[in-house]
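One structure is given below, represented as structure tokens, and several questions about it will come after.
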Number of protein chains: 2
Amino acid sequence: MSRDHSHLFSDLTPLQQDLVYELRQNSARAVMLHQLISEKLGLNATDHKCLDFLNRTGPVTAGQLAELTGLTTGAVTNVIDRLEQAGYVVRDKDPKDRRRVVVKPAEGSSSRISPQFESIMQSTLQILSRYDEEQTRLILEFIRLCNDMTLAEMEKMKNQP
Amino acid sequence: MSRDHSHLFSDLTPLQQDLVYELRQNSARAVMLHQLISEKLGLNATDHKCLDFLNRTGPVTAGQLAELTGLTTGAVTNVIDRLEQAGYVVRDKDPKDRRRVVVKPAEGSSSRISPQFESIMQSTLQILSRYDEEQTRLILEFIRLCNDMTLAEMEKMKNQP
DNA sequence: AAATTTATCTTAATCGGTTAAGATAAATAA
DNA sequence: TTATTTATCTTAACCGATTAAGATAAATTT
């Protein structure tokens, strides 16, 4: 069950190493789970991600969707093609600016998707209910620190050759 | 700065919703950071991931590498082609079983890579040092619960039409 | 031992993403 | 107002992952 995850992190206590390992695992599994849910919906992960944004934000232009998701506009064009094909979204020309393509969720799109999340929501709720407010706050702060750190490190890397 | 992440999770307290949001962010950023590091090394993310495994485990067969990384054997063949080309690994036939291809890190492969992680290691250490053992244990347990949950949910989904 | 089955890796076809060039519409300048 | 520049989306060429079929070696059966 246990593996050697000492790798480079030998300054950490075993407990800390375990934590680092689980955090990695967490990211990897999140990606896999998302992938799986998408498959269940008959979509690829990217299309699903875009549809998810769309259902949250309501109608956006193709360009905005690209920015929201971090995809290229070229990729987004194909995403919209496929989602439109599958009946999840509708494409419209913006009458105010006819260069723009406005994408909006098709009728009932959201309700076709949410059932897949019921169980996960329940399980999440169950885990979270084990912690009181102070503990939750502690965990939240930790994850935030990690996220801030990651962002900072990415910036640092970009500003290096 | 803040966005609407209530989406489906309306049974959660605002604090809990924030936590769920940060956890998602965490996964997304981890993927992006990994991507960035790989680019710095002149590799794509997949090749880097494989090389990382290889440097930790030592020589493995192509099939084992596929299993370790969750890639298909077809993808692994290409990964090895590129890593060999770039001088990071060496390909050998297993003399005991000549169907098998044994892949091992090339001389000095590990040391060509680790410098990119120095800063991240430092920052990680700094975050972790803010927490005492009990707190660390709490966080670790939480992440483990999440990981177990994710795994269980994935199993559940697979066993459904 | 020869024939069949199984295991391992590679190859080929397809799919989806990126980058960069192209088409069309709006904004700006002459 | 016409010409140029800028903005937005689409298209085309390329790259890497997946799936499935193919090649080769080992194991098993007869």
Side-chain angles (χ1 to χ4, degrees), chain A residues 28 31-32 34-54 59-86 88-104 158, chain B residues 28 31-32 34-54 59-86 88-104 158:
Chain A
V31 172
M32 288 191 287
H34 184 250
Q35 177 80 32
L36 238 172
I37 295 171
S38 303
E39 274 169 27
K40 289 285 167 196
L41 294 168
L43 299 170
N44 72 45
T46 303
D47 292 0
H48 178 210
K49 184 181 176 186
C50 290
L51 185 53
D52 190 43
F53 269 107
L54 221 60
V60 294
T61 68
Q64 287 175 315
L65 191 54
E67 205 165 334
L68 279 169
T69 57
L71 291 169
T72 61
T73 58
V76 166
T77 295
N78 288 317
V79 169
I80 299 172
D81 283 350
R82 290 187 297 260
L83 287 178
E84 197 174 35
Q85 186 66 30
Y88 281 108
V89 307
V90 178
R91 200 184 227 135
D92 276 320
K93 280 247 177 261
D94 182 341
K96 307 282 184 195
D97 181 345
R98 300 184 42 73
R99 291 169 304 182
R100 286 190 163 95
V101 167
V102 179
V103 193
K104 63 180 185 196
K158 283 177 195 161
Chain B
V31 172
M32 290 191 287
H34 185 250
Q35 177 80 32
L36 237 171
I37 294 170
S38 303
E39 274 169 26
K40 289 287 168 193
L41 294 168
L43 298 170
N44 72 47
T46 304
D47 293 0
H48 179 210
K49 183 180 174 186
C50 290
L51 185 53
D52 190 42
F53 269 108
L54 219 61
V60 294
T61 68
Q64 287 176 314
L65 192 54
E67 205 166 335
L68 278 170
T69 57
L71 291 170
T72 61
T73 58
V76 165
T77 296
N78 288 317
V79 168
I80 300 172
D81 284 349
R82 290 187 298 261
L83 287 178
E84 195 175 37
Q85 186 67 29
Y88 280 109
V89 308
V90 178
R91 201 184 227 135
D92 275 322
K93 280 247 177 262
D94 182 340
K96 305 283 180 194
D97 180 345
R98 299 184 44 72
R99 292 169 304 181
R100 288 191 162 93
V101 167
V102 179
V103 193
K104 63 181 186 194
K158 281 178 196 161

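Throughout, protein chains are lettered first and strands after them, A, B, ... in sequence-line order, and every chain is numbered starting at 1. On a predicted model such as this, the values are computed, not experimentally measured, just so you know. Excluded from the calculations below are hydrogen atoms, water molecules and symmetry mates; all remaining heavy atoms, backbone and side chain alike, are included.
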Any base atoms under 4.0 Å from A:Asn78, or only sugar-phosphate, or nothing? Heavy atoms, all strands. nothing

It should be established whether B:Arg98 places a side-chain nitrogen or oxygen under 4.0 Å from OP1 or OP2 of nucleotide D:dA27. no

Whole-Å distance, B:Lys96 NZ to D:dA27 P, equals 12 Å

How long is the line joining CZ of B:Arg99 and P of D:dA27, in whole Å?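 To the nearest whole Å, that distance equals 6 Å.
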
Could you give the start and end, 5' to 3', of the contact zone on DNA chain C for chain B, using atoms under 4.0 Å from its heavy atoms? C:dA7 to C:dT11

With salt bridge (charged side-chain N to carboxylate O under 4.0 Å, His left out) as the rule and sequence neighbours excluded, what pairs involving residues 62-75 of chain B come up?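 Every candidate salt bridge (charged side-chain N to carboxylate O under 4.0 Å, His left out) pair involving residues 62-75 of chain B fails, so no pair, neighbours aside, qualifies.
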
How is B:Ala75 classified with respect to the nucleic acid when contacts are heavy atoms under 4.0 Å: base, sugar-phosphate, or nothing? base

Find which nucleotide of DNA chain C each of B:Val76 and A:Leu71 is nearest to by heavy atoms, and output the residue with the more 5' nucleotide. B:Val76

Quick one: do A:Leu71 and A:Lys49 satisfy side-chain contact (heavy atoms from CB on, under 4.5 Å)? Show the steps, please. CA-CA 11 Å; A:Leu71 291 169; A:Lys49 184 181 176 186; over 6 Å; no

Would you say the side chain of B:Val101 lies within less than 4.5 Å of the side chain of B:Lys93, judging by non-hydrogen atoms? yes

If I compare all heavy atoms of B:Lys104 with all of B:Leu54, which pair ends up nearest, and what's the gap?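 That would be C-CD2, 4.1 Å.
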
For B:Gly63, answer base if it contacts any base atom (sugar-phosphate contacts may also be present), sugar-phosphate if it contacts only those atoms, and nothing otherwise; contact means non-hydrogen atoms under 4.0 Å. sugar-phosphate

Check whether more than 12 heavy atoms from other residues, nucleotides or ligands sit under 6.0 Å from atom CZ of B:Arg91, and answer yes or no. yes

Compare all side-chain heavy atoms of B:Leu83 with those of B:Leu43 and state whether any distance is below 4.5 angstrom. yes

Assuming nearest nucleotide by heavy-atom distance, tell me which of A:Pro95 and A:Asp47 is located more 5' along DNA chain C. A:Asp47

Starting at atom CD of B:Gln35, determine the distance to atom C1' of D:dC15, rounded to an integer number of angstrom.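 Interatomic distance, CD of B:Gln35 to C1' of D:dC15: 13 Å.
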
